[in-house]
Amino acid sequence: MTNVLKAQTLAEKIISRAANVKSVNPGELITCKVDNVLMHDSSGPRRVEDRLSQLNAKVFDPSKIVLVSDHFVPATDAESAEILALTRRWAKNNGITNFYDMQGICHVMMAEKGHLMPGNFLVGGDSHSPTGGAFGTFMVGIGATEMTGVLATGEIWIKVPESIKVNWQGQLAKGVSSKDIMLFLCKHLGVNNNYKVIEFAGEAVANMNMLERMVLCNMTAELGAKTGVIAPDATTLEAITTAGKTFPGNINDWQSDADAHYYAEHTFDASQLKPQIAAPHSPENTDDVDTYNNVAIDQAYIGACTGAKLSDLHMAAEVLKGQKVASSTRLLVAPASASTTNKAAADGTLEILTAAGAIILPTGCGACAGMGAGAIANGEVCLSSTSRNFKGRMGSPNSEVYLGSPYSVAAAAITGVITDPREFL
Amino acid sequence: MSETAQTTIGSAWVYGDNIDTDILAPGPYMKKPMNELAKHCFEAIDTSFAVEVKAGDVVAAGEAFGIGSSREQAAQALVELGVSCVIAKSFARIFYRNALNLGLPALVCSEADKITKGDQISVQPEQGIIINHSKNEQYQCEAIPEQLMEIVRAGGLMPFLQNKNKS
């Protein structure tokens with residue numbers, strides 16, 4: 001099929017460009033050239049170094065690799081220190097200049113450093129790679145063997161996915177965020193949207209800043225989708241400029257055609273959405289916050305690529321201003337990047353958080369990946385601004401993780417129980 | 001029939017929907033060598049699995065098997081423990097690719113819930129057939145496409161590419 005006039009979704013347009021064909025059809029297997037590759041310390045060098053030598057292969061283009069140490073940072077023991085040392089050595093030996101060592105979580109670094117361009121096709125060695133879709137980028141997560149193949153060839157085969165369009169009309173109410181949208185969608189669309197792209201649109205999405213849009217695409221991983229995308233606009237271009245880069249193309253080329261075919265289309269009213277909470281042990285177990293009112297929590301955690309960017313810290317500060325963390329609980333905050341910490345210090349956010357009693361943790365994936373500080377004990381309950389509440393995800397297999405927005409986590413920190421954050425706004 | 005297309009026979013371990021990557025490869029052990037990490041496979045929901053599973057055994061489950069992280073160790077832990085194939089109603093896409101890339105057949109079967117723990121199972125991935133010897137039943141599964149079976153038969157993408165390099 002090479003009909004130039006075939007209406008295409010944004011995802012299909014990006015795949016067509018990457019595969020160097022005029023158009024693609026859902027279901028077909030096609031080989032794409034990658035524009036950039038994201039790797040991190042956990043699934044990256046330590047998992048591909050030996051394999052590349054076994055294949056006698058070299059990295060196809062070091063300038064197209066972005067490497068971030070974020071999972072085992074900062075080292076807490078000799079084992080994690082070795083992994084970080086190996087990562088540094090590999091970056092040096094392979095001439096990787098886009099290497100961010102303990103500077104932030106990979107998906108946030110991609111945005112901060114301007115590695116996400118509309119219309120680009122990327123792969124990342126992490127399941128939250130769909131985060132990049134907030135920039136009108138098509139970005140999918142892959143495993144380490146697959147990554148070895150991409151590093152050697154600069155290419156990957158994919159099955160062209162169908163798209164599901166999700167429109168959010170109207171405005172989100174005060175105290176409700178894009179995190180609530182995603183928890184709501186985990187309940188309503190389920191966690192098994194296999195081989196689908198979720199395309200977000202509508203007034204509420206258009207009015208979001210890039211950090212909030214990133215949460216939407218980030219959590220398409222929890223929907224079980226291949227990835228998420230949002231068509232680029234002036235807000236996208238401004239973020240690229242802020243990152244010190246210039247988008248060389250035209251954003252009008254990276255919009256879905258009006259008559260493009262979607263697998264399904266859903267429209268929701270953002271103004272009606274209440275704060276959402278996901279109960280253990282799946283993001284699918286979501287309901288309005290009132291359903292879980294008064295569930296006592298041992299730990300409130302604000303962290304990860306999903307829930308500790310500057311916008312997330314601002315939400316927490318709005319709730320925590322002039323308040324104190326309850327003595328029955330603890331509030332841990334692990335900012336998503338070093339620059340997030342820096343900006344939150346400069347604008348007074350950190351002062352509000354720490355005055356309330358928050359403990360500031362190092363930047364990194366931290367307790368979200370069950371690797372860093374902030375693990376929870378047998379029988380403990382945590383309300384977290386992260387994206388996953390799988391059994392044992394944050395520590396003991398017999399602990400419980402609830403998920404909520406940074407507003408909701410901050411409110412629960414004050415009361416010691418799950419609470420509607422709008423009471424504090 | 002190629003030399004490695006023989007059916008596998010093993011006891012079934014049966015689990016439900018949404019078996020996630022943290023259950024298969026728990027985060028706290030991700031920095032450990034593979035043989036250590038594998039000892040904790042399924043630990044959060046079944047502490048007997050990693051201790052009692054035998055080479056050739058089969059894992060059967062419901063929807064979205066392998067949901068969550070891209071960590072390849074989720075599939076690799078099963079390989080390390082000798083699991084010969086995973087049968088599920090559906091797979092999370094990254095897990096599915098990881099499994100095949102490691103030479104672990106992942107079979108999509110709508111009748112996966114007919115398998116009960118301990119059933120003796122053999123599979124023919126090319127033909128899309130699962131035989132339950134204990135119940136004397138046969139189930140249809142989606143055949144793994146030939147281009148991907150080439151990778152599985154070689155033992156995964158790495159040996160497949162190495163063989164290709166040699167020839």
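Numbered from 1 within each chain, the chains take letters A, B, ... in sequence-line order.
- Between R393(A) and I23(B), every side-chain heavy-atom pair lies at or beyond the 4.5 Å cut-off.
- For the pair D22(B) and K391(A), the minimum side-chain heavy-atom distance is 4.5 Å or more.
- The most heavy-atom pairs under 4.5 Å with chain B, out of G149(A), P397(A), G141(A), come from G141(A).
- E63(B) places no side-chain N or O within 3.5 Å of a backbone atom of N192(A) that could act as its donor or acceptor partner.
- Heavy atoms closer than 4.5 Å to chain A are found in both the backbone and the side chain of P28(B).
- Side-chain contact between R47(A) and E72(B) is present, with heavy atoms from C-beta onward closer than 4.5 Å.
- When heavy atoms are compared at a cutoff of 4.5 Å, R71(B) approaches chain A solely by way of its side chain, counted from C-beta outward.
- With a 4.5 Å cut-off on non-hydrogen atoms, I94(B) touches chain A through its side chain but not through its backbone.
- Both the backbone and the side chain of A64(B) come within less than 4.5 Å of a heavy atom of chain A.
- Between E82(A) and K32(B) no salt bridge is recorded (no basic side-chain N to carboxylate O distance below 4.0 Å).
- Between chain B and the options A144(A), A375(A), G395(A), A369(A), the largest number of non-hydrogen pairs under 4.5 Å is found for A144(A).
- The greatest number of non-hydrogen atom pairs below 4.5 Å with chain B, out of D77(A), N398(A), V140(A), T148(A), is found for D77(A).
- Listed in order of number, the residues of residues 73-88 of chain B that approach chain A to under 4.5 Å between heavy atoms are Q73(B), Q76(B).
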